[in-house]
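Okay, so here's the structure we're looking at.
We count residues from 1, following the sequence as given.
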Amino acid sequence: MQRPTIKTIARETGLSIATVSKALKHSPQVRPETRAVVLDAAERVGYELNLHGVQLRTGKTYQVAAIMTAPGPKENEWEGVEYAQLLSGISWALEESPYRVSLYAVRDFEESQETISQIVSMKKADGIIISGTRADDPRIRLMQEAEFPFVTYGMSIHNAPHAYVDADNEQMIRLSVARLIERGHRRIALLNPKEQFAYGVVRLESYRKALEKAGLPYDPALVAHGRLTPAFGRENVVTMSALADPPTAYICANEATALGAFSGFHARGLVHGRDAVINATDDLNVSQYFAPPITSYYLPIGEPSALLGKFILRRMEGEPPDALQTLLMPDLIERSDDRLRPER
């Protein structure tokens, strides 16, 4: 039996060979409905795109490199969203395109920088997606200087404009602090990511401004930076709750930290809602299963990951980076009033 070709699809659909060819390559010159007709016919006749031949003609790899930090074999602490969950959404977004995701699991920031340098210099991919952005990120500068298409999960602060998707950390923390102040809290702790991360810088600045707006002093003893694990949450609740004037509210940067904060409550004999409360921000919504469930800002991981996939496709087509910048505002899920009830 003769192998189906582009001519076969053209006869099947009544379209020109040129239109079919463009549709199979996902050219923006072809309307979505026409592309759907072509792809349906291609599947019906059993056509398979010869990607190797296309790569030779175009010089493209049809690979998107996703650089993700993976936990090492000795790291057994949960840190919330895993790279596989982010990768899944990106893959779904690329599914209807000829591009596929190649995962580059790295151990740390330095290895991610080396990996990016190799991909760019050896043209191992047509685009790159990275996460864990720094306030001033040398990886971003490297890709910009090489004019290499990329999108970041997380904005930066001091780099030139680039394509990114991020949660609106400024607004999220501002509203979190204001809500807790409105409910009577005056000592609010912030359990924040490591200081070098851009979103940690944004969150801390927003926290300080929210306190200042309410006329409350900033106390560095109520702020902690670190790996967002349960151990981090427990350790800082134990430490902060022993202060002469302890916090009555803890804002945790993720649900893993919030889980540890509950362990700290137990260690110190604290009761949630009587002595202090815990709030969290995350992409998993695990906090609905805590006992008691806690208030959180929730952004399903599928939303930013799908946008990362869409943005890298548009960036590789030449769309300018400043047109591909999105801050997503998570939903506030109030599972508690979060006023202290001394009678509990």
> So H162 and F150, side chain to side chain contact (heavy atoms under 4.5 Å, CB included) or not? Walk me through it.
Replying inline: CA-CA 8 Å; H162 60 90; F150 70 94; 3.6 Å; yes
> Is there a side-chain contact between M155 and L327 (heavy atoms, below 4.5 Å)?
Replying inline: yes
> How far apart are the closest heavy atoms of I9 and A41, and which atoms are they?
Replying inline: CG2-CB, 4.0 Å
> Can R208 and E212 be counted as an ion pair, charged N to O under 4.0 angstrom?
Replying inline: no
> In terms of hydrophobic clustering (I, L, V, M, F, W, Y; side-chain heavy atoms under 4.5 Å; direct or indirect links), are I251 and V201 co-clustered?
Replying inline: no
> Cationic tip of R227 within the cone over F232's six-membered ring, i.e. under 6.0 Å and within 45° of the normal?
Replying inline: no
> What is the distance from atom CD1 of I312 to atom CG of L94, rounded to the nearest 0.5 Å?
Replying inline: 9.0 Å
>> Please tell me whether R335 and T295 have a donor and an acceptor in their side chains that are separated by less than 3.5 angstrom.
In response: no
>> We want to know whether T257 and N254 form a side-chain donor-acceptor pair, criterion being a heavy-atom distance below 3.5 angstrom.
In response: yes
> Quick one: does L299's side chain get under 4.5 Å of D282's, heavy atoms only?
Replying inline: no
> Any side-chain heavy-atom pair from V64 and R100 closer than 4.5 angstrom?
Replying inline: no
> Would you call E319 and R315 a salt bridge, taking side-chain N to carboxylate O under 4.0 Å as the test?
Replying inline: no
> Checking side chain to side chain contact (heavy atoms under 4.5 Å, CB included) for the pair L175/Q171: CA distance, chi angles, key distance, verdict?
Replying inline: CA-CA 6 Å; L175 295 177; Q171 184 174 190; 3.7 Å; yes
> Testing N236, I188, L222, D219 for side chain to side chain contact (heavy atoms under 4.5 Å, CB included) with P247, which one passes?
Replying inline: L222
> Quick one: does L340's side chain get under 4.5 Å of D275's, heavy atoms only?
Replying inline: no
>> Under 4.5 Å between side-chain heavy atoms, counting indirect links through other Ile/Leu/Val/Met/Phe/Trp/Tyr residues: same cluster for L103 and Y99 or not?
In response: yes
>> Give me the atom names and distance for the closest heavy-atom approach of R139 to G132.
In response: NH2-O, 3.2 Å
>> Taking the ring centre of each residue, are Y153 and Y164 less than 6.0 Å apart?
In response: no
> Can you tell me how far the OG1 atom of T19 sits from the CZ atom of R31, to the nearest 0.5 Å?
Replying inline: 10.0 Å
>> For a quick test of reading the model, state the closest non-hydrogen atom pair linking G302 to S305 and the distance between them.
In response: O-OG, 3.3 Å
>> Looking at E182 and R339, is any side-chain nitrogen of the basic one under 4.0 Å from a carboxylate oxygen of the acidic one?
In response: yes
>> For E33, I'd like to know if atom CD has over 12 heavy atoms of other residues, nucleotides or ligands within 6.0 Å.
In response: yes
> Looking at side-chain heavy atoms only, is the closest gap between R203 and M172 below 4.5 Å?
Replying inline: yes
> Is a side-chain N or O of R234 found less than 3.5 angstrom from the main chain of A261, in a donor-acceptor match?
Replying inline: no
>> I need the minimum non-hydrogen distance between L191 and G233, along with the two atoms involved.
In response: CD1-CA, 4.2 Å
>> Run the side chain to side chain contact (heavy atoms under 4.5 Å, CB included) test on I116 and I128 for me, step by step, so that the C-alpha distance in whole Å, both residues' side-chain angles and the decisive distance to 0.1 Å come before the verdict.
In response: CA-CA 8 Å; I116 290 167; I128 292 176; 4.0 Å; yes
> Do the ring planes of F262 and F290 sit parallel (below 30°), tilted (30 to 60°) or perpendicular (above 60°)?
Replying inline: perpendicular
> In terms of hydrophobic clustering (I, L, V, M, F, W, Y; side-chain heavy atoms under 4.5 Å; direct or indirect links), are L180 and L190 co-clustered?
Replying inline: yes
>> If the threshold is 4.0 Å, N to carboxylate O, is there a salt bridge linking E317 and K310?
In response: no
> Is a side-chain donor or acceptor of Q144 paired with a backbone partner of N159 at a separation under 3.5 angstrom?
Replying inline: no
>> I'd like to know if the side chain of S117 reaches the main chain of Q113, judged simply by a donor and an acceptor atom lying under 3.5 Å from each other, with no hydrogens or angles considered.
In response: no
>> Can a donor-acceptor pair be found, under 3.5 Å and without considering hydrogens, that links the side chain of T61 to the backbone of Q63?
In response: yes
> So do F265 and S263 actually touch side chain to side chain, heavy atoms under 4.5 Å?
Replying inline: no
> Is the backbone of D245 close enough, under 3.5 Å, to the side chain of R187 for a donor and an acceptor to pair up by distance?
Replying inline: yes
>> Between L328 and D168, is there a side-chain heavy-atom distance shorter than 4.5 Å?
In response: no
> Quick check: are there more than 12 heavy atoms from other residues, nucleotides or ligands sitting under 6.0 Å from NZ of K124?
Replying inline: yes
>> With a 4.0 Å cut-off on N to O distance, would you call K209 and E170 a salt bridge?
In response: no
>> Tell me the closest heavy-atom pair linking S241 and R268, and the distance in Å.
In response: OG-NE, 2.9 Å
>> Does this structure show an ion pair linking R141 with D136, if we count only N-O contacts that are shorter than 4.0 Å?
In response: yes
>> Please find the pair of heavy atoms, one from L228 and one from A253, that lie closest to each other, and give the distance.
In response: CD1-CB, 3.7 Å
> Which value, rounded to the nearest 0.5 Å, describes the distance between D108 atom CG and E114 atom CD?
Replying inline: 8.0 Å
>> For Y218 and Y207, take the angle between the two ring planes, folded into 0 to 90°, and tell me which bin it lands in: parallel under 30, tilted 30 to 60, perpendicular over 60.
In response: perpendicular
>> Working note: T115 + S112, criterion side-chain hydrogen bond (donor to acceptor under 3.5 Å, both in side chains); need CA distance, chi angles, decisive distance, verdict.
In response: CA-CA 5 Å; T115 301; S112 75; over 6 Å; no
>> Strictly distance-based, threshold 3.5 Å: is any side-chain N or O of N169 a donor or acceptor partner for the main-chain N or O of A167?
In response: yes
> Quick one: CD1 on I301 to OG on S88, what's the gap to the nearest 0.5 Å?
Replying inline: 10.0 Å
>> Determine whether V277 and I294 satisfy the following criterion, side chain to side chain contact (heavy atoms under 4.5 Å, CB included), listing intermediate values before the conclusion.
In response: CA-CA 8 Å; V277 298; I294 62 171; over 6 Å; no
> Is P193 close to H225 at the side-chain level, that is, under 4.5 Å between some pair of heavy atoms?
Replying inline: no
>> Set out, in order, the CA-CA distance, both residues' side-chain angles and the distance that settles side-chain hydrogen bond (donor to acceptor under 3.5 Å, both in side chains) for R134 and S156, then state yes or no.
In response: CA-CA 6 Å; R134 305 286 179 100; S156 68; over 6 Å; no
> How far does OG1 of T5 sit from CZ of R11, to the nearest 0.5 angstrom?
Replying inline: 6.0 Å
